[in-house]
Amino acid sequence: HKELTSFPKDFLWGSASAAYQVEGAWQEDGKGESVWDRFVRIPGKTFKGTNGDLAVDHYHRYKEDIALMKEQGLKAYRFSVAWTRIFPNGRGEVNQAGLAFYERLIDKLIENGIEPMLTLYHWDLPQALQDEYNGWESRQIIEDFTHYAETLFEAFRGKVHYWISLNEQNIFTSLGYLLAAHPPGVTDPKRMYEVNHIANLANASVINKYHELEMPGKIGPSFAYTPNYPIDSNPENVLAAENAEDLMANYWMDVYMWGKYPIAAMRFLEEKGWAPTIEAGDAELLESAKPDFLGINYYQTATNAFNPLDGVGAGKMNTTGKKGSSEETGVPGMYKKVENPFVERTNWDWEIDPEGLRIGLRRITSRYRMPVLITENGLGEYDKLTEDKQIHDDYRIHYLQSHVKAIKEAISDGAEVLGYCTWSYTDLLSWLNGYQKRYGFVYVDQDETQEGSLERYKKDSYYWYQKLIEENGKNL
Ligand code: BG6
């Protein structure tokens, strides 16, 4: 075992959330309706019909939540802004009451020595823009998203130094337009790749705006990175893993970092008739935007095998493997997903693979030479509140500890990592899984009846992270 490099002194030990999953207050202070507010009301879309109307009431309890962060010693808190609080109809007049909420939240964090990390878009698109021009399907969104971002840049200049442009563009485009699991509930690969291209342009435009305004701080997207492995050394399977990495990872990361789509993946999409429409000026815009870091949400790896042209996934295209079902998924002619026999799985069938995080960080470092901010990593599990109000989540401690160790190893290998945000701070609403799948350091008494007391309780993992932060990750 080699000697490991220490974590940098100013390493950002953080934790994360997203507006729709924690805030509640869905109609308060002038907030407009988002596509999620609408989508969850369609019967059968979410677990037991849960919605974020109340969520864990962070909108009213943010002071209590920040007090818990402070006591724990948290250095950074990543949250998202609900676009519909700032522009209830997506554009037009600023809703000052909505802006004021985030101002209070940010000021409170700063007052407590916690670095705010602001995500501009965590999936809750204004419904008005969906109705008006089909949201991400129209290039009008580039201008509207940039204007919304600029409003926040100006409002929080000098207070917020870490900005995340889009959260998991690969997930919201795939689940929204291929798997119909997220709004707008479409299954059409051509539309998905068109939408994704427009999202790339919007992302580039916002990053350029940030730099044009000479904002003090850093901006980057957060990508849901699932590094790909081959099942074995059969060259056909190795090629399948390369195909998966190209189509499922580099297809986003290369665009963020280089402004270019990977060649083989683009060839494949062209042959299928799914390639996006590239207009004059698009390539220049994509290539001109340089993020300051790459945000990575890491949960698991994926293992791949050869998939013939008439193989798994023919006729549909379920590429993500994110849903954790035992259904076989793949892209015919490219790859199919198979079980990795060497790793364990969560109760939602997500593979537990800390080494995969080290591997992913090394790939990013070699390919892009770009600092990484880990914007999410965590374990969703059933937690049990004991009679004396404790939560013994040793499985979560084990998961997080092994991933922190993998980061330390990656840093020792030469990766530049700015910080680590666990998912999530408090328990919160899982988009599709209700409240049973918990991620937090802080247990919240809320469940599918949505009638919990909303009281907060510290889990064992809360104390574990407190100590880790205090020691700056020394004793792993
Ligand atoms: C990420 C999202 O994809 O994974 C989060 O950015 C989400 O918003 C998290 O909650 C966990 O996913 P799930 O489906 O387990 O809630």
Side-chain angles (χ1 to χ4, degrees), residues 14-41 46 50-70 74 76-90 94-112 114 116-128 148 151-152 155-156 159-160 164 167 421 423-431 434-435 438-457:
S15 192
S17 72
Y20 187 73
Q21 299 180 271
V22 293
E23 286 178 2
W26 77 298
Q27 289 180 313
E28 249 175 271
D29 295 333
K31 180 184 168 296
E33 187 191 15
S34 79
V35 292
W36 273 93
D37 291 324
R38 178 80 60 98
F39 186 73
V40 293
R41 289 182 157 71
T46 65
T50 40
N51 61 51
D53 293 4
L54 177 59
V56 294
D57 200 30
H58 181 66
Y59 194 79
H60 298 112
R61 292 166 192 256
Y62 70 94
K63 286 186 192 153
E64 184 185 345
D65 291 339
I66 293 174
L68 285 162
M69 294 174 199
K70 161 88 174 166
L74 211 69
Y77 175 55
R78 171 180 177 236
F79 61 93
S80 79
V81 170
W83 187 338
T84 50
R85 289 199 194 280
I86 311 302
F87 294 104
N89 293 313
V94 174
N95 173 37
Q96 293 300 338
L99 200 58
F101 166 69
Y102 294 106
E103 175 124 53
R104 291 196 297 275
L105 175 78
I106 289 165
D107 287 347
K108 201 41 136 198
L109 287 166
I110 294 171
E111 194 185 305
N112 285 284
I114 301 162
M117 293 178 173
L118 191 157
T119 306
L120 292 165
Y121 185 77
H122 203 125
W123 308 351
D124 43 359
L125 182 76
Q127 181 67 42
Y148 156 69
T151 307
L152 295 174
F156 303 127
K159 289 187 176 183
V160 175
I164 288 97
N167 179 69
C421 292
W423 186 263
S424 53
Y425 192 67
T426 62
D427 288 340
L428 44 70
L429 175 68
S430 167
W431 303 92
Y435 294 97
R438 294 172 180 272
Y439 280 91
F441 289 128
V442 175
Y443 183 95
V444 180
D445 179 18
Q446 175 66 306
D447 59 28
E448 283 71 36
T449 65
Q450 308 193 62
E451 287 167 3
S453 71
L454 294 166
E455 226 146 295
R456 273 78 167 137
Y457 301 100

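Being a predicted model, the structure only gives us computed values, none of them experimental. In this chain, numbering begins with 1 at the start of the sequence shown.
Using a 4.5 Å cut-off on side-chain heavy atoms (C-beta onward), E103 and F156 make contact. Counting heavy atoms from C-beta on, the side chains of R456 and V56 come closer than 4.5 Å. Residues M69 and K108 fail the side-chain proximity criterion, which asks for heavy atoms closer than 4.5 Å. Here the side chains of T151 and F87 are in contact, with some heavy-atom distance below 4.5 Å. By the 4.5 Å heavy-atom criterion applied to side chains, T119 and F79 are not counted as neighbours. Side-chain contact check for N167 versus S80: every heavy-atom pair is 4.5 Å or farther apart.
Atom-to-atom distance recorded for E23:CD and S17:OG is 8.0 Å, nearest 0.5 angstrom. Taking OH of Y59 as the reference point, atom CZ of R104 lies at 6.0 Å (rounded to 0.5 Å). Interatomic distance, CG of D57 versus OG of S453, reported as 11.0 Å (0.5 Å rounding). Separation of atoms CD1 (I106) and CD (E111) is listed at 13.5 Å; rounding is to 0.5 Å. A distance of 7.0 Å separates CG in L454 from CG in D445, rounded to the nearest 0.5 Å. Atom CZ of F39 and atom CG of L125 lie 13.5 Å apart (nearest 0.5 Å).
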Worked verdict on Y77 versus D65 for side-chain hydrogen bond (donor to acceptor under 3.5 Å, both in side chains): CA-CA 11 Å; Y77 175 55; D65 291 339; over 6 Å; no
Derivation and outcome, side-chain contact (heavy atoms from CB on, under 4.5 Å), residues Y425 and H58: CA-CA 11 Å; Y425 192 67; H58 181 66; over 6 Å; no
Worked verdict on L109 versus I66 for side-chain contact (heavy atoms from CB on, under 4.5 Å): CA-CA 7 Å; L109 287 166; I66 293 174; 3.8 Å; yes
Candidate pair E28 and K31, rule salt bridge (charged side-chain N to carboxylate O under 4.0 Å, His left out), full reasoning: CA-CA 6 Å; E28 249 175 271; K31 180 184 168 296; over 6 Å; no
From CA spacing to verdict: side-chain contact (heavy atoms from CB on, under 4.5 Å), L68, T426: CA-CA 10 Å; L68 285 162; T426 62; 5.7 Å; no
Pair K159-D107, side-chain contact (heavy atoms from CB on, under 4.5 Å): steps then yes or no: CA-CA 8 Å; K159 289 187 176 183; D107 287 347; 2.8 Å; yes
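Side-chain N or O atoms of W83 include none that pairs as donor or acceptor with a backbone N or O of D124 at under 3.5 Å. A donor-acceptor pair under 3.5 Å is formed between the side chain of Q21 and the backbone N or O of L429. S424 contributes no side-chain N or O that, together with a main-chain N or O of D427, makes up a donor-acceptor pair within less than 3.5 Å. Checked by atom type and distance alone, the side chain of Q446 pairs as donor or acceptor with a backbone atom of A55 at under 3.5 Å. For the pair N95 (side chain) and D29 (backbone), a donor-acceptor distance under 3.5 Å is present. With hydrogens and angles ignored, the 3.5 Å screen pairs a side-chain donor or acceptor of R438 with a backbone N or O of V444. Checked by atom type and distance alone, the side chain of Y20 pairs as donor or acceptor with a backbone atom of G52 at under 3.5 Å.
Taking each heavy atom of P126 and N89 in turn, the nearest pair found is CB-C, 4.3 Å. In plain terms, the two heavy atoms of A16 and C421 that are nearest each other are CB-CB, 4.2 Å.
Ring-plane geometry between F101 and Y62 is classed as perpendicular, the angle between the planes exceeding 60 degrees on a 0 to 90 degree scale with a lower cut at 30. Using the six-membered ring where Trp is involved, Y439 and W423 have ring planes that are perpendicular, over 60° apart on the 30 and 60° scheme.
Every salt bridge (charged side-chain N to carboxylate O under 4.0 Å, His left out) that R41 has, sequence neighbours left out, goes to D53.
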